[in-house]
2 protein chains.
Amino acid sequence: MNQIAPKRGRGRPPKTDQHQRETRERLLRAGIELLTEHGFASLGLERILKQVGVPKGSFYHYFSSKDDFAQQVVAGYGDYFAAKLDRWLLNTERAPLQRLMDFVEDGKQGLTRYQFKRGCLVGNMGQELAASHPHLREQLEAVFVDWQNRVAQCLLAAQAANEISEDADCQALAEFFWIGWEGAILRAKLSQNLAPIELFSSMYFSGLTGRT
Amino acid sequence: MNQIAPKRGRGRPPKTDQHQRETRERLLRAGIELLTEHGFASLGLERILKQVGVPKGSFYHYFSSKDDFAQQVVAGYGDYFAAKLDRWLLNTERAPLQRLMDFVEDGKQGLTRYQFKRGCLVGNMGQELAASHPHLREQLEAVFVDWQNRVAQCLLAAQAANEISEDADCQALAEFFWIGWEGAILRAKLSQNLAPIELFSSMYFSGLTGRT
DNA sequence: ACAATATTAGACCAATCGTCTAATAAATTA
DNA sequence: TAATTTATTAGACGATTGGTCTAATATTGT
């Protein structure tokens, strides 16, 4: 039966420089990219491994499973994106409401840059995995809560600056922002243009400043 | 090498009653259910086949591929849902704006009934396949355009009934509705409650009637 | 009775996931 | 410096599942 000569074990290749030590980071970075574009189920490990140039053994050294990998990718992306959000929303050189508009503008560029193929990792994973991966679902929800808190802060600043009504519910408006934003991204992926984003943006901001 | 005795072909089992002739329909119905809940990539054919009680050969008799199947499922769902939409939006026993609210209420029940596991087939598939399946992408976009036209008609009726401002752009508002609606469903799947839907609904309708 | 068609059973092959062994570079200790 | 320990890697492997395809037969039509 066993006619195949077992020829196992190849040994560890030279850890030439510390560049090689960032294997984990590189896997995570590639994960953000590939998971955003292809989704979880369609994305084979082999695809990631090939892109990063790392063998399977390494992957399972750093991550206990594909699910675990996804969780760490989401965590990393949540932080990365929160930092980006802060860069826009805490920019004191702009009026508070303008900061949020700046973020929207930046998002539009991102969508265009990748030809509407990527969208938002958190939205994509949420749509795909909310029903089947309870732990990931909670994590994704937490990321949204975090993001929307940052927007809420920005809206409070806008309120303090008298840009929006003083009896507006900033927390609710921030949640509404993310609901619409994610919906608009989804639609933009389908229509392959920015119209949905622009429509959402104009409706949302004109709603904020009072006029329908 | 080839020690395995080829033993192919089993023959066609009795087509007992015409119940059996609806195989195609039953596959499509199961497809709506299963694709909505599990997504395209995670859903194995075997899963569908088992649920419907049909062998693999039959599947590939009716559909040329899994992709083809998905397209036909989407087409079927688009029509089914358009009919449902009309049932609410053309209900002359209710004021136009109230009809749209009735639809929202119905959607809330649907989400709850399936414990936030399903959401909207078109939104789910769009998120997952827009980037990789150009043909399906166009089809899904067309479904949204169709649905939003129906909502636009309803809003025009509301305008005629003086429920909303006469200089509102009903087409744009209809598109905004679907953007927010799909975003709210996604978020509801994550939070596992109706809060996102209710927030969207209240924001959207209060925006319609003029007050922020 | 015979031919044509619709439908089915399940073999088949490629791909994927996660595990596992063996090897060895680097770090640590003696 | 030499011996030992630890972290990391190469990739074969088994189990499973994906989608396709062929051959067989029930049904229909002539």
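Just so it is clear, the structure is predicted and the values come from calculations on it, not from any experiment. Letters A, B, ... are given to chains in the order of the sequence lines, protein chains preceding strands, and every chain is numbered from 1.
Rounded to an integer number of Å, the gap from CD1 of I48(B) to C1' of dT17(D) is 14 Å. One atom, CD of E46(A), and another, P of dA14(C), lie 16 Å apart when rounded to the nearest Å. Per the geometry, CG belonging to L45(A) stands 7 Å off C1' belonging to dC17(C), to the nearest Å. Rounded to whole Å, the distance from NE2 on H61(B) to P on dG10(C) is 18 Å. Rounded to a whole Å, the CZ atom of F59(B) is 16 Å from the P atom of dT7(C). For the pair L43(B) CG and dG18(D) P, the interatomic distance rounds to 8 Å; values are reported in whole Å. Separating the NZ atom of K50(B) from the C1' atom of dT17(D) is a distance of 13 Å, rounded to the nearest angstrom. Here the P atom of nucleotide dC21(D) and the CZ atom of F63(B) are 17 Å apart, to the nearest Å.
For N149(B) and Q153(B), the side-chain atoms include no donor-acceptor pair closer than 3.5 Å. In this structure, a donor-acceptor pair under 3.5 Å is absent between the side chains of D67(B) and S65(B).
Note: F103(A) and W181(A) have tilted aromatic rings, judged against thresholds of 30 and 60 degrees for the angle between ring planes.
For dT7(C), neither phosphate oxygen OP1 nor OP2 lies less than 4.0 angstrom from any side-chain nitrogen or oxygen of S58(B). Applying the 4.0 Å criterion to OP1 and OP2 of dC17(C), one finds that S65(A) has every side-chain N and O outside that range.
Here D106(A) pairs with K84(A) in a salt bridge; the nearest charged N to carboxylate O distance falls below 4.0 Å.
Backbone-only contact: K66(B) has heavy atoms under 4.0 Å from sugar-phosphate atoms and none from a base.
Comparing dT20(D), dT9(D), dC17(C) against the side chain of Y60(A) picks out dC17(C) as the nearest. Closest contact between the side chain of K56(A) and the listed nucleotides dT8(C), dA12(D), dT9(D) involves dA12(D).
Summary of the strand contacts: G44(A) and G57(A) both lie near DNA chain C, and taking for each the nucleotide with the nearest heavy atom, the more 5' one is attributed to G44(A).
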